[in-house]
Protein chains: 2
Amino acid sequence: MQAPTTATYLPHLAYDSVVFGFSGDQLKILIMEYHKTNWFALPGGFVRRDENLNDAARRGLRERTGLDEVYLEQFYTFGDTARFRPGVMEGILAANDISVASDHWLLDRFVTVAYYALIDYNTVVPRPDALSDSINWYALDELPPLLFDHEEIVQRALVTLRENLGKKLVGMNLLPPLFTMKELQRVYEAILGEKLHRSSFQRKMLASGLLERREKRLSGKAHKAPYQYRFLSKANP
Amino acid sequence: MQAPTTATYLPHLAYDSVVFGFSGDQLKILIMEYHKTNWFALPGGFVRRDENLNDAARRGLRERTGLDEVYLEQFYTFGDTARFRPGVMEGILAANDISVASDHWLLDRFVTVAYYALIDYNTVVPRPDALSDSINWYALDELPPLLFDHEEIVQRALVTLRENLGKKLVGMNLLPPLFTMKELQRVYEAILGEKLHRSSFQRKMLASGLLERREKRLSGKAHKAPYQYRFLSKANP
DNA sequence: CCCCATTGTCGCAAGGTGAGACAATAATAC
DNA sequence: GTATTATTGTCTCACCTTGCGACAATGGGG
């Protein structure tokens, strides 16, 4: 296999994405496993020379998930020299039969711009890329050890998500188009890591003016059927 | 003069700082003027190969202001290809009698990590660097036209500052060690761009628990002398 | 010595939030 | 067909915060 060249990509610069999904009352993220190394990391990539930084992150997300119109937001750029671990990248390349010179740009220091995305878990079919065996969902408290500083990146993504949850009411981007109030509350509880009070939550959400109430559903549960809601303006940041 | 080389710096990567100060009831920022070009821009610089990204921004701030222990926070990374304007950097270099090849890294695309700083206006003695004639304070509504996308960077810095103002009560970093409640209110009003109610503001600030009240001052004003306050924990983000 | 602008504080009304209570209801059990 | 049960939509109450105005205190100017 051929190593990417600096004719196509900007050297020293990368992006990494923390892709959040919601399933089984838990917040999960996409983690990829590098070929034959048993090493796990956030999905990321490089920036083409003729490509906007934000477009690069969006392209990477599309390649990995098939999704395009998603909530995607840049939140921090990690640039410590301690991120630099030449042995790791060397191992990844070696496992894929890519040989590079010892002064190759891939083995040099990288600054990475981190993004987080919110997507509807059910619509994603994760697709491994050329270097990875798999890309799978992991609950936040069951992550495998991650390469580089990716665990710190995940933590900071979660902090940012919590802050934006109150500010922009972004929680809905993790749900399918139609959902119940209880499902929405579960999303909020998963993100914040704490139980919320049912009636206060319902009151607040309705007051936000961002929900449109639909007809009742009659799904086979043995109790009063809840309303279903839809979001007005599933827009981007 | 000698152009910086990629042996020392990472190519394609820069930082820019929006340095806020408060004077005359106005929010101001530091703008530098490039030598002999009449071009204005945010103070910024490059990242050394052996230097943490955040340390680079801090170093630049120290070189320009002489200050070290300041509130400095990264807020966004600008990476559009449209930022790239080879003619501008060429002009700056030419004005300083630096000649470079047409494929020199300084003339290529740059991604810039933007920071904002909050400093005590009175303690700063702005110092121009090798490429700049001057570095001066400008009120936000009296900025000269800025190079590249620096006006957008300023706007976004202001938005971030406003958001953090409520979240972290950072306003105090713009004041000298001792200040009155009225001065603090003026800072908040300048940042938010709106009048605040005196008694509510005072109550909120006192309730935050971050202020220590000192003895009265008797400065020669013809009215009741106000208390002075000091901040507990002028810490960094 | 009186005046006046400013300051510190208090009180009230309006609005938001936590917490519990109550009736409504859809499927299941009988 | 009727009772049961879990869940849902809504209401109420207490509490806290916030906007807004009022009031007394006070330090220098005239």
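Here is the naming used below: chain letters follow the sequence lines, and residue numbers restart at 1 for every chain. Atom set for the values below is all heavy atoms of this structure, side chains included, hydrogens, waters and symmetry mates excluded.
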Practice problem: Name every residue in residues 180-195 of chain B that has at least one heavy atom under 4.0 Å from any atom of DNA chain D, in order of residue number, or write none if there are no such residues. | Solution: none
Quiz prompt | Option from B:Leu42, B:Leu53, B:Val19 for which side-chain contact (heavy atoms from CB on, under 4.5 Å) with B:Tyr115 holds | solution = B:Leu53
From [atom1] of [X] over to [atom2] of [N], roughly how many Å is that when rounded to an integer?
{"X": "B:Leu196", "N": "D:dC20", "atom1": "CG", "atom2": "P", "value": "11 Å"}
{"X": "B:Lys204", "N": "D:dC16", "atom1": "NZ", "atom2": "C1'", "value": "14 Å"}
{"X": "A:Tyr229", "N": "D:dT8", "atom1": "OH", "atom2": "C1'", "value": "9 Å"}
{"X": "B:Phe201", "N": "D:dG21", "atom1": "CZ", "atom2": "P", "value": "18 Å"}
{"X": "A:Phe179", "N": "D:dT8", "atom1": "CZ", "atom2": "P", "value": "14 Å"}
{"X": "B:Gln228", "N": "C:dG8", "atom1": "CD", "atom2": "P", "value": "11 Å"}

Exercise. Please check if the side chain of A:Arg83 supplies one atom and the backbone of A:Phe110 the other of a donor-acceptor pair under 3.5 Å.
Key: yes
Practice problem: Work out which heavy atom in A:Trp137 is nearest to a heavy atom in A:Phe20; give both atom names and the distance. | Solution: CZ3-C, 4.0 Å
Self-check item: Shortest non-hydrogen contact between B:Leu146 and B:Ala41, atoms and distance
Solution: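 Looking at all heavy atoms of both residues, the closest pair is CD2-N, 4.2 Å.
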Practice problem: To the nearest 0.5 angstrom, please state how far the OG atom of A:Ser17 sits from the CD1 atom of A:Ile29. | Solution: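 Interatomic distance, A:Ser17 OG to A:Ile29 CD1, rounded to 0.5 Å: 11.0 Å.
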Practice problem: Verify side chain to side chain contact (heavy atoms under 4.5 Å, CB included) between B:Val154 and B:Leu143, making sure each step is shown before the conclusion. | Solution: CA-CA 10 Å; B:Val154 171; B:Leu143 294 181; 4.2 Å; yes
Practice problem: Between protein and nucleotides 22-30 of chain D, map the contacts as a letter string: B base, S sugar-phosphate only, - none, heavy atoms under 4.0 Å, written 5' to 3'. | Solution: B--BBBSS-
Quiz prompt | base_contact_polar (C:dG18 base, A:Arg203 side chain, donor-acceptor, <3.5 Å) | solution =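 Answer is yes: a donor-acceptor pair is held.
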Self-check item: Identified ring pair (Phe, Tyr, Trp, His ring centres under 6.0 Å) counterpart of A:Phe179 within the set A:Phe231, A:Tyr227, A:Phe22
Solution: A:Phe231
Quiz item: Nearest to the side chain of A:Ser200 - C:dG8, D:dT18, C:dG18?
Solution: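 It is C:dG18.
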Quiz item: What class does the angle between the rings of A:Tyr76 and A:Phe78 fall in, given that below 30° is parallel, 30 to 60° is tilted and above 60° is perpendicular?
Solution: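 It falls in the perpendicular class, over 60°.
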Side-chain donor-acceptor pairs of residues 159-166 of chain A under 3.5 Å, sequence neighbours excluded:
residue  : atom : partner  : partner atom : Å
A:Thr160 : OG1  : A:Arg156 : O            : 2.9
A:Arg162 : NE   : A:Ile191 : O            : 2.7
A:Arg162 : NH2  : A:Ile191 : O            : 3.4
A:Glu163 : OE1  : B:Lys167 : NZ           : 3.4
A:Asn164 : OD1  : A:Lys167 : NZ           : 3.4
A:Asn164 : ND2  : A:Glu73  : OE1          : 3.4
A:Asn164 : ND2  : A:Tyr116 : OH           : 2.9

